[in-house]
Amino acid sequence: MSDTIVTRFAPSPTGFLHIGGARTALFNWLLARRHGGRMLLRIEDTDRERSTDAAIAAILDGLSWLGLDWDGEAVHQFARAERHREVALQLLAEGKAYYCYASQDELTEMRERAKAEKRPLRYDGRWRDRDPSEAPAGVKPVVRFKAPLEGETVVEDRVQGRVTWSNKELDDLVLLRSDGTPTYMLAVVVDDHDMGVTHIVRGDDHLTNAARQSQIYHALGWDVPVMAHIPLIHGADGAKLSKRHGALGVEAYRAMGYLPEALRNYLVRLGWAHGDQEIFTTQEMIDAFDLGGIGRSAARFDFVKLEALNGHWMRQTDDVRLVDALETILPEIGPERGLGPTFPPDLRGRLVAAMPGLKERARTLVELLDGAAYLWRARPLAMDEKASRLLDGAARARIAALVPRLEALEPFDAETTEAAVRAFAEETGVKLGQVAQPLRAALTGTTTSPPLFDVMAVLGRSETLARLRDQEKP
Ligand code: GLU
């Protein structure tokens, strides 16, 4: 084995890049980056019925959005079918594989019998030692692997430890189907070998495959890569991950308003730990990642934690970049909020100015945008129920009395408006809240908003005064 670590991410393009796949990709990427190695991408598109170009595009987009780049061109497994066949024929020639002519009926019977005896289906090896001259005419055979009958197969897994199978449990699997197409089990081994993969990191649903694949490696005299099978992700309640729990495509997380750095940070901690550190920059993850830190029990998906991390990373993010991030999901979340696919320039400027106040409290980009809705509401503002209850006669009178003072301010910013409102409250003998609450309602149409004086500063003098005057009228 060479010194360089080569990992790979090998998705089947039958759907989007789901959250478990994204974590697998991240772990492979981190392992490679940590050791100055390479991460390869292999699209396992041998299932021609279920593989689609749309899914391939979604997977590549998802990886790019997450910032997980791969080295070299993506390998398409189906394009390598000829090479897979060649290896199957080599195994045949070496007597390590054989033609099997068992008919569908025979296989069905085997399955029924196994079912009746309540044991897993195992092909019984009926063609293993038969002479091909006994082959029935007109039947296209499959090629089966001659798996060892006695002894054990051992996988030294970096996460699961030493895992042992009695070879009696592992039957002679199909390498080539009767139409000559390779099976997944053969293709994965040949591709990982030919691509120089040194470390296989994937979900533990592939653990039994690892045993079967190890047998094929041994038969071919190839080194078995280091294996690490990561426990699957479960829902917060411990049950298998479903859509309700967050088993969604990465693009859904993007549209829910998560930043890629937050999702990366969340995913790295989903099944991997480095002391009790929760917050990781990308460089910190790269520096700390190791297979030894992957736990053996299933990680639980927790939206609350993801939101908290996202809030953290939004607060760390530069205001212009945050508005850029908002704009990338605007086509998805804008229309229902009365916005087009891009921000008009004047709104963009106001959004950037409003970010410091807004990002303190928002946990997702969607919340950020909702918090900013006061910026583009048309006058006169529609009031929500609480806001209109606040704006009673006395409150409107206070607003009317305050307007001339605000009009005269120079400059008009968060400090001067705050000073003016405080002075007004003091002089008229009311609590600050009795002025501030109606002001907030009049300026935003709601009773929850970023700090009031930020709102005024961002709206600017003329819009602020216009909105307040709208409320002077009874
Ligand atoms: N294509 C397989 C999957 O998407 C992964 C195979 C592997 O990692 O070996 O589940």
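One-based numbering, in listed order, for ligands and for the atoms of each. These numbers come from a predicted model, not from an experiment.
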- Message: Below the 3.5 angstrom mark, is there an N/O of Arg42, backbone or side chain, next to an N/O of ligand 1?
- Response: no

- Between Arg264 and Thr282, do the side chains contain an N or O donor and an N or O acceptor separated by less than 3.5 Å? yes

- Over all heavy atoms of both residues, which pair between Ile216 and Met185 is shortest? Give the atoms and the distance, please. CD1-O, 4.0 Å

- Item | ligand 1 atoms in contact with Ser12 (distance to a heavy atom under 4.0 Å) | 1 (N), 2 (C), 3 (C), 4 (O)

- Query: Relative to Phe78, does Arg48 satisfy both conditions: NZ or CZ under 6.0 angstrom from the six-membered ring centre, and within 45 degrees of the ring's axis?
  - Reply: yes

- Query: Near Arg202, which atoms of ligand 1 are under 4.0 Å from a heavy atom of that residue?
  - Reply: 7 (C), 8 (O), 9 (O)

- Message: Within the 4.0 Å heavy-atom shell around Glu44, which atoms of ligand 1 are there?
- Response: 1 (N), 2 (C), 5 (C), 6 (C)

- Could you see which bit of Arg8 sits under 4.0 Å from ligand 1, with heavy atoms only: side chain, backbone, both or neither? side chain

- Item | Atom indices of ligand 1 within 4.0 angstrom of Tyr184 heavy atoms, with elements | 6 (C), 7 (C), 9 (O)

- Should the heavy atoms of other residues, nucleotides or ligands under 6.0 Å from CD of Glu336 be counted, would the total exceed 12? yes

- Message: For Phe27, does the six-membered ring have the charged nitrogen or CZ of Arg23 within the cation-pi criterion, i.e. under 6.0 angstrom from the centroid and within 45° of the normal?
- Response: yes

- Task: Decide yes or no for Tyr184 and Gln213: does some side-chain heavy atom of the first lie under 4.5 Å from some side-chain heavy atom of the second?
- Result: yes

- Message: If you measure every N or O of Pro11 against every N or O of ligand 1, does any of those distances drop under 3.5 Å?
- Response: no

